[in-house]
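Below you'll find the structure, written out as structure tokens, and then a few comments.
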Amino acid sequence: MRAALWLLALFGVAVAGALFAGNNQGTVTVFWPPYRVDLSLNMVLLLLLGAFALLHAALRGMATLVELPGRARRWRMQQKERAMHGTLLEALTQLLAGRFLRARRAAQSAIAQQEALAGAPERVPHAVALRTVAQLVAAEASHALQDGAARDAHLQQALDGLPERPTGSEVELREGVQLRAARWALDEHDAQTALERLAALPSGAARRTLALRARLKATRLSYRTAEALDTARLLAKHRAFSPQAAASIVRGLLLELIGGAHDSAQLQRIWQGLDASERQMPEVAVQAARQLARLGGEPAQVRAWLLPVWERLAEPLPEHQALKLIGVLQDNLDGLDGPWLARIEAASQARPRDARLQYLSAMACLQRELWGKARQLLGQAAPQLADPALRASAWRALAQLAEQRGDEAEALTAWKQAAQVAR
């Protein structure tokens with residue numbers, strides 16, 4: 001369609017030109033004493049057009065001739081820029097291939113080429129970015145070669161080469177350099193330097209996944225468990241780990257934080273700062289309750305912390321967790337109230353084949369001075385308990401009950417059973 005329109009327009013111009021030129025009787029007379037020149041108007045128009053075209057071509061040629069030195073200078077600059085880019089790409093390639101000496105030499109060559117171009121009349125595009133990346137590659141290669149002095153020198157030069165008030169990509173360059181410096185410090189187990197580098201990041205960059213991972217490792221290395229826990233929660237929120245890995249990391253930090261409590265007041269503050277889902281973790285609740293009991297906490301408070309875990313007994317806990325739960329409960333039965341006794345009895349009746357629950361129910365009855373029921377439950381549970389500590393404790397309780405009744409023979413038998421289990 002467009003070609004047809006162009007063709008029609010061309011025919012229109014040809015027809016208009018033919019009509020104008022064919023019937024044009026105009027004459028142009030030029031008097032140049034003693035001469036007189038008569039020219040047709042068509043010829044004058046053609047001559048003017050030709051003169052204009054000739055003058056235009058002459059001016060273009062003159063402009064091209066004048067621009068030749070500048071073009072040559074730009075061409076030489078372009079060739080040097082290409083060589084610099086090629087050297088930097090070679091440095092990156094050698095770094096990825098593990099040839100660190102070659103990578104550092106190539107990066108240093110790129111830096112030298114950039115410095116040579118810095119004094120050129122024309123500014124090199126992205127000069128700051130090129131120099132910074134080259135310095136960073138040289139520092140990375142020096143770090144891999146365990147040359148700390150050269151690494152720190154290149155790192156400082158990279159930071160010094162960036163403006164104090166960076167804009168655009170220069171902001172990300174500075175953040176990237178600081179993040180790499182933090183990672184190098186972590187590789188050398190220098191947690192303090194890594195935290196200082198991370199603290200220099202803007203708030204937005206400090207919340208990125210890479211920065212949070214580095215902060216998590218640094219805080220764990222420096223035994224700042226509370227900060228590490230907060231960082232791990234952020235990483236879990238950002239889905240930096242799989243749900244299972246995130247839960248495992250948070251659980252480990254919680255156990256470490258709880259284990260480091262020095263008094264019950266500090267432990268109470270830690271417990272109040274936990275999320276509801278964290279308090280329901282069996283390992284965390286049992287560890288917190290055990291630590292509270294060790295620090296002299298009230299048995300009622302210990303049982304209150306264990307209540308969410310106890311309510312999940314409908315879902316059978318792993319063996320080691322169930323043993324820990326029963327062990328902490330049996331050590332904190334003082335002042336056992338009716339609701340807790342009802343819970344324990346209901347659990348033992350719901351699962352009559354679970355000797356551990358039968359044993360715990362017997363110990364609760366002992367606490368409430370229900371001697372007959374306790375003796376019956378202990379007699380059922382003691383032979384079936386798989387855990388040696390619980391079995392020995394059950395036989396000792398049976399021996400003490402027998403001594404209370406004055407049954408020396410039964411007491412002696414129970415003490416012998418307890419001694420055999422203890423061995």
Side-chain angles (χ1 to χ4, degrees), residues 271 276 279-294 297-405 407 410-411 413-422:
W271 182 259
R279 294 179 190 173
Q280 294 178 1
M281 292 181 179
E283 302 94 330
V284 174
V286 171
Q287 176 69 12
R290 177 184 292 178
Q291 185 71 1
L292 181 62
R294 187 180 297 119
E298 293 294 331
Q301 185 66 49
V302 173
R303 295 192 296 270
W305 287 7
L306 290 175
L307 183 57
V309 182
W310 179 266
E311 291 175 345
R312 294 176 57 186
L313 277 179
E315 307 170 4
L317 295 175
E319 180 69 18
H320 66 283
Q321 292 182 11
L323 288 175
K324 288 181 180 179
L325 174 61
I326 290 174
V328 175
L329 276 175
Q330 76 163 354
D331 293 337
N332 293 273
L333 291 174
D334 293 344
L336 187 69
D337 53 10
W340 258 106
L341 180 62
R343 291 189 191 103
I344 295 174
E345 289 182 346
S348 64
Q349 292 172 4
R351 295 164 61 182
R353 295 185 180 181
D354 192 334
R356 297 168 304 185
L357 292 177
Q358 301 295 325
Y359 165 78
L360 183 62
S361 180
M363 301 304 289
C365 290
L366 280 178
Q367 179 62 33
R368 296 297 294 266
E369 299 181 356
L370 302 174
W371 315 120
K373 189 172 183 180
R375 178 172 174 271
Q376 179 185 1
L377 291 172
L378 285 172
Q380 296 172 357
Q384 301 177 12
L385 286 169
D387 183 67
L390 294 183
R391 195 189 321 166
S393 177
W395 284 116
R396 285 195 298 269
L398 280 172
Q400 292 170 359
L401 286 174
E403 289 177 350
Q404 287 180 3
R405 296 192 314 272
D407 191 342
E410 184 176 344
T413 303
W415 282 118
K416 288 181 179 180
Q417 292 289 343
Q420 289 177 359
V421 173

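Being a predicted model, the structure only gives us computed values, none of them experimental.
With sequence neighbours left out, the side chain to side chain donor-acceptor pair (under 3.5 Å) criterion links Glu283 to Gln321. Remark: Ala293 engages Val302, Asn332 in a side chain to side chain contact (heavy atoms under 4.5 Å, CB included) (not counting sequence neighbours). Listed by chain and residue number, Arg351, Arg356 satisfy the salt bridge (charged side-chain N to carboxylate O under 4.0 Å, His left out) test with Asp354 (two or more places apart in sequence, or in another chain). Residues that satisfy the salt bridge (charged side-chain N to carboxylate O under 4.0 Å, His left out) test with Arg391, not counting sequence neighbours, are absent from this structure. In this view, Arg294 and Arg290, Gln291 satisfy the side chain to side chain contact (heavy atoms under 4.5 Å, CB included) rule, not counting sequence neighbours. Scored by the side chain to side chain donor-acceptor pair (under 3.5 Å) test, Glu403 finds Trp415 as partners (sequence neighbours excluded). Considering only residues two or more places apart in sequence or on other chains, Gln367 meets the side chain to side chain donor-acceptor pair (under 3.5 Å) condition with none of them. With sequence neighbours excluded, no residue forms a side chain to side chain donor-acceptor pair (under 3.5 Å) with Arg368. Legend: residues meeting salt bridge (charged side-chain N to carboxylate O under 4.0 Å, His left out) with Glu298, ordered by chain and number and at least two apart, are absent.
Contacts classified as ring pair (Phe, Tyr, Trp, His ring centres under 6.0 Å) and involving residues 333-358 (residues at least two apart or in different chains) are given here: Trp310-Trp340. Within the structure, the ring pair (Phe, Tyr, Trp, His ring centres under 6.0 Å) test picks out no pair touching residues 350-405 (sequence neighbours left out). Pairs passing the salt bridge (Lys or Arg N to Asp or Glu O under 4.0 Å) check and including a residue from residues 322-336, sequence neighbours excluded, do not occur.
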I would like to know whether Cys365 and Gln376 meet side chain to side chain contact (heavy atoms under 4.5 Å, CB included); could you show each step before the answer? CA-CA 10 Å; Cys365 290; Gln376 179 185 1; over 6 Å; no
